[in-house]
Amino acid sequence: MKTNCKHWDAIFSGTEDQDLGWYEKNASQTLKLLKLVPGLKKARVFIPGAGTSVLIEELLLKCAEITVNDISAEALSRVKKRVNDKKGKIDFLCRDISRPLPRTLPKADIWIDRAVLHFLRDKDAINGYFRNVRSFLKPCGYAIFLEFSKTGASKCAGLPLHRYSVAELSKKLGPSFELISHFDYTFINPNGDPRPYIYTLFRKIK
Ligand SMILES: C[S@@+](CC[C@H](N)C(=O)[O-])C[C@H]1O[C@@H](n2cnc3c(N)ncnc32)[C@H](O)[C@@H]1O
């Protein structure tokens, strides 16, 4: 069996962005939640699995600094070639987000996950992910999770998924997070198939 990073590298090296199953032309639904976050202009954002998302360009316009992480070096290399980061706002990181992040990593004001967490199925991997969220988000920081809902597809990118409800996300985050907003959103993928997601925004209380 391929390792996780080889699996993702093979997908990114063999597929144009617009043919990726999760490709979206714009990040308007994510931006709806981001609008509820105060102090965007000064914020440092952490993206745990950025892929080649156009959200990166949006954040370049709206935020101060961005850490773009992905397990796939291939995806990161494509983003580096595409994005015009004139002001040096982006740091790139190639880590498995279920493993401990480097202690030297600057803490973030906002964590934005679209369709990454739901690929983690092993209990230790899921717990490792949430440990990173708790450790690398500043007090009063915001976390956005956009994951396949309980009624969503059971597989994506050839991998089985752990689908989420808002209640399960709240439970995983624990009492130091409060739910600020959430909505259901059915993404229509490039093949025309509906993909029901939950869109959620949480705030770290302390
Ligand atoms: C479905 S894609 C979503 C990409 C991007 N967030 C978007 O909305 O276009 C999932 C992304 O998560 C990355 N990924 C999968 N498992 C990961 C892990 N354990 N750690 C970090 N990134 C991971 C993949 O390489 C891929 O870029």
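Keep in mind that the numbers below use all heavy atoms, side chains included, and drop hydrogens, waters and symmetry copies. Order of appearance sets the numbers: ligands from 1, and atoms from 1 within every ligand. Each residue takes its place number in the sequence, starting with 1.
From H118, atom NE2 reaches atom CG of L159 across 9.5 Å, with rounding to the nearest 0.5 Å.
At a 4.0 Å heavy-atom cut-off, the residues surrounding ligand 1 are N4, W8, F12, W22, P48, G49, A50, G51, S53, N69, D70, I71, S72, R95, D96, I97, R114, A115, V116, F119, L120, listed by chain and number.
Both the sub-6.0 Å distance and the 45° axial angle are satisfied by K80 relative to the ring of F92. Taking the centre and axis of the six-membered ring of F183, the NZ or CZ atom of K32 falls inside the cone set by 45° and 6.0 Å.
Around CZ of R134, the count of heavy atoms belonging to other residues, nucleotides or ligands within 6.0 Å exceeds 12.
Applying the salt bridge (charged side-chain N to carboxylate O under 4.0 Å, His left out) rule to pairs touching residues 11-31 yields D17-R78, D17-R82, E24-R114, sequence neighbours excluded.
For the residue pair Y129 / D113, a side-chain donor-acceptor distance below 3.5 Å is found, with atom types taken as modelled.
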